[in-house]
Protein chains: 2
Amino acid sequence: MAPERGTEDPSAEIDPAFEAELHADGVTFDGEDATLLRTIDETGSLNAATDRLGRSYSRTHERIDALEAAFGPLVEPERGGSGGGGTELTARTRTLLARFERLRTEFSGVTAVEETVYEGVVVDRDGEIATVQTAAGELGAITPPETEAVQVTIRADTVTLHSQAEAPTSAGTSARNQFAGTVETVDERESVVSVGVDIGAEQPLTALVTQGSAAELGLTAGASVVASFKTTATRATPRQQPEA
Amino acid sequence: MAPERGTEDPSAEIDPAFEAELHADGVTFDGEDATLLRTIDETGSLNAATDRLGRSYSRTHERIDALEAAFGPLVEPERGGSGGGGTELTARTRTLLARFERLRTEFSGVTAVEETVYEGVVVDRDGEIATVQTAAGELGAITPPETEAVQVTIRADTVTLHSQAEAPTSAGTSARNQFAGTVETVDERESVVSVGVDIGAEQPLTALVTQGSAAELGLTAGASVVASFKTTATRATPRQQPEA
DNA sequence: GAGCGTTGTTTCATTGAAGATATAACGGTC
DNA sequence: GACCGTTATATCTTCAATGAAACAACGCTC
């Protein structure tokens with residue numbers, strides 16, 4: 001079943017992606033709908049929009065009807081008049097588009113940011129919050145019910161770094177997960193720095209901070225830092241138990 | 001174009017959703033593929049899996065071929081033998097499924113968590129990092145290029161709260177955005193608490209913390225707290241400039 | 001060697017989504 | 001009132017995805 005090709009490059013690029021959606025009344029508004037509405041806004045007419053997008057008028061018209069049945073009035077068409085008429089967006093539509101764009105931005109944040117994954121075992125639990133034992137120590141994470149063996153993923157943009165002197169007392173902050181470590185790698189990007197922190201596990205914990213923060217904290221290889229992250233921001237997923 | 005229905009309920013539920021995807025070599029692996037592979041794993045045969053899922057064998061077989069061409073060997077089929085044969089997953093497939101599940105979990109975190117949105121204007125910029133002037137004051141956020149008028153969205157699970165006494169000095173932490181405020185609302189959930197903090201803007205900043213943190217910090221209405229969040233975790237999206 | 005249930009492979013049928021086309025209605029301008 | 005470009009609507013065609021069905025190949029058990 002496996003053709004020979006595909007085997008040759010086991011490290012092929014596998015990229016995360018997504019399709020953002022807004023659901024209402026059984027109808028799903030997706031990226032294609034968003035560009036349709038944006039094009040209508042730019043061209044001022046449904047006809048011009050379908051031409052530019054290479055879509056058929058009839059189908060597009062149907063689609064807008066379906067969307068309006070679920071999301072409420074989205075366009076204000078006018079026929080006749082100078083220029084023959086046209087269609088404009090309602091205020092609600094602009095709000096909808098803005099919301100969709102925010103959603104898409106959050107999702108693309110997820111795909112763009114590095115994350116570190118630790119394997120662990122649930123040792124304690126309070127509802128959806130579990131304490132997980134990992135190679136780096138115990139940490140809290142949101143965990144699906146009835147799972148023991150888990151992978152914990154920590155997004156780099158949720159990890160904040162502190163100078164050792166200014167490390168917060170655990171009682172005074174809502175960031176319950178704190179790990180002292182030493183900076184292992186510093187990867188400077190355009191305006192942001194990705195920092196790998198050795199916190200005792202095999203895999204370093206990577207944190208994404210601004211260049212300003214990196215400078216103020218003196219983040220160079222070998223520096224001592226404290227890394228903290230919230231348990232409500234870290235999530236665990238079930239892990240396959242070793243077979244035998 | 002707008003049928004009368006739809007107008008009647010302007011506050012209809014609009015729910016965010018997503019389709020998680022993994023892309024390789026032009027082929028996209030989606031949730032349907034994941035359940036297919038999981039079902040093969042559970043039933044031990046492609047035939048049984050297609051029966052359970054109500055899909056045609058031929059189509060399913062084609063799909064697996066296409067996936068393997070892009071993602072590498074995913075299944076190990078055997079034909080003949082006792083029971084007629086069967087197909088099992090490769091180790092790579094389990095890794096792939098685990099990765100997909102982590103991705104899906106992160107996305108569902110985005111849709112599940114509350115967020116607060118502030119409108120603002122970019123007043124300074126360093127690459128993708130911008131300083132945005134909002135009703136709550138200045139804050140840093142990742143911002144798309146060439147945008148001035150923005151909406152800034154702050155996920156509740158990225159906001160950490162500190163007791164006023166233990167508020168970190170801005171030089172000692174990589175959480176550059178800090179706002180002192182007073183607790184306005186406290187919404188206790190199963191094992192987590194959603195806290196609305198008045199930081200001077202019209203809309204309160206909502207933070208999601210564990211019940212343990214809420215208790216230790218003494219989070220009740222009227223309490224003084226400091227809310228902080230990282231600029232690499234907050235994102236801005238373009239905002240429609242007022243028309244005229 | 002017959003039987004069995006699986007994997008492979010091909011061919012044909014079905015179905016649903018989208019495009020293509022035609023026509024009516026509208027309301028300004030001229 | 002003729003003209004124009006648009007919206008509205010219906011019908012037909014096209015195409016791609018999927019299912020259905022048939023058949024060969026395989027290898028173990030008996």
Side-chain angles (χ1 to χ4, degrees), chain A residues 1-6 19 21 26-33 35-37 39-70 73-90 93, chain B residues 1-6 19 21 26-33 35-37 39-70 73-90 93:
Chain A
M1 185 176 280
E4 284 315 308
R5 58 180 301 268
E19 179 72 25
E21 300 171 353
V27 179
T28 103
F29 179 100
D30 63 9
E32 206 173 358
D33 296 319
T35 74
L36 170 61
L37 291 176
T39 309
I40 291 175
D41 190 31
E42 291 168 13
T43 61
S45 103
L46 220 180
N47 258 294
T50 57
D51 280 357
R52 181 189 292 185
L53 296 176
R55 305 176 47 168
S56 75
Y57 179 89
S58 53
R59 171 63 189 149
T60 306
H61 191 276
E62 275 178 5
R63 179 60 182 166
I64 290 183
D65 270 3
L67 288 177
E68 288 193 319
L74 297 178
V75 295
E76 288 177 340
E78 280 185 10
R79 58 180 182 180
S82 70
T87 111
E88 294 189 347
L89 304 188
T90 64
T93 306
Chain B
M1 187 175 278
E4 284 316 307
R5 56 179 302 268
E19 179 72 24
E21 300 172 353
V27 179
T28 103
F29 179 100
D30 63 10
E32 205 172 359
D33 297 318
T35 73
L36 170 60
L37 291 176
T39 309
I40 291 175
D41 190 31
E42 290 168 13
T43 60
S45 103
L46 219 180
N47 258 293
T50 59
D51 281 356
R52 183 189 291 185
L53 296 176
R55 304 175 50 168
S56 75
Y57 180 88
S58 54
R59 170 63 190 149
T60 306
H61 191 275
E62 275 177 8
R63 178 60 182 166
I64 291 182
D65 270 2
L67 288 176
E68 288 193 319
L74 297 177
V75 295
E76 288 177 340
E78 280 185 9
R79 59 180 182 179
S82 70
T87 109
E88 295 190 347
L89 304 187
T90 64
T93 307

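Sequence lines set the chain letters: A, B, ... in the order given, protein chains first and strands last, and positions in each chain run from 1. It should be emphasised that the depicted structure is a prediction, and the values quoted were computed from it without experimental measurement.
- Arg63(A) and Glu32(A) are not joined by a salt bridge, as no carboxylate oxygen comes within less than 4.0 angstrom of a charged side-chain nitrogen.
- At least one side-chain heavy atom of Val27(B) sits under 4.5 Å from a side-chain heavy atom of Leu67(B).
- Here the side chain of Thr90(B) pairs a donor or acceptor atom with the backbone of Pro73(B) at under 3.5 angstrom.
- In the set dT6(D), dT29(D), dG8(C), dT29(D) carries the atom at the smallest distance from any side-chain atom of Ser82(B).
- Remark: side-chain polar atoms of Glu68(A) are paired, donor with acceptor, to backbone N or O of Leu74(A) under 3.5 angstrom.
- At whole-Å resolution of the value, CD in Glu78(A) and P in dT29(C) are 12 Å apart.
- Straight-line distance from the CG atom of Leu36(A) to the P atom of dG19(C): 11 Å, rounded to whole Å.
- Rounded to a whole Å, the CG atom of Asp51(A) is 11 Å from the P atom of dA20(C).
- Atom C1' of nucleotide dT11(C) and atom OH of Tyr57(B) are separated by 16 Å, given to the nearest angstrom.
- The residue Glu62(A) sits apart from the nucleic acid: no heavy atom pair falls under 4.0 Å.
- In this structure, CG of Leu89(B) is placed 12 Å from P of dT7(C), rounded to the nearest angstrom.
- As a whole-Å value, the separation of Glu88(B) CD from dT6(C) P is 14 Å.
- Nearest-nucleotide positions on DNA chain D place Gly81(A) closer to the 5' end than the other of Gly81(A) and Ser58(A).
- Listed nucleotides: dT7(C), dG8(C), dT7(D). Nearest to the side chain of Leu46(B): dT7(C).
- Taking only side-chain atoms of Asn47(A), from C-beta outward, the nucleotide of dT6(D), dA8(D), dT6(C) with the closest atom is dT6(D).
- For dT18(D), the base has no donor-acceptor partner in the side chain of Arg59(B) [N/O atoms by modelled type, under 3.5 angstrom].
- Using a 4.0 Å heavy-atom cutoff across all strands shown, Gly44(A) reaches no nucleic acid atom at all.
- Taking only side-chain atoms of Ser56(B), from C-beta outward, the nucleotide of dG19(D), dG19(C), dC26(C) with the closest atom is dG19(D).
- Separating the CG atom of Asp65(B) from the P atom of dT18(D) is a distance of 15 Å, rounded to the nearest angstrom.
- Counting atom types as modelled, Arg79(A) pairs a side-chain N or O with a base atom of dT7(D) as donor and acceptor under 3.5 Å.
- The environment of CD in Glu78(A) is sparse: at most 12 heavy-atom neighbours from other residues, nucleotides or ligands sit within 6.0 Å.
- One atom, NE2 of His61(A), and another, P of dA24(C), lie 18 Å apart when rounded to the nearest Å.
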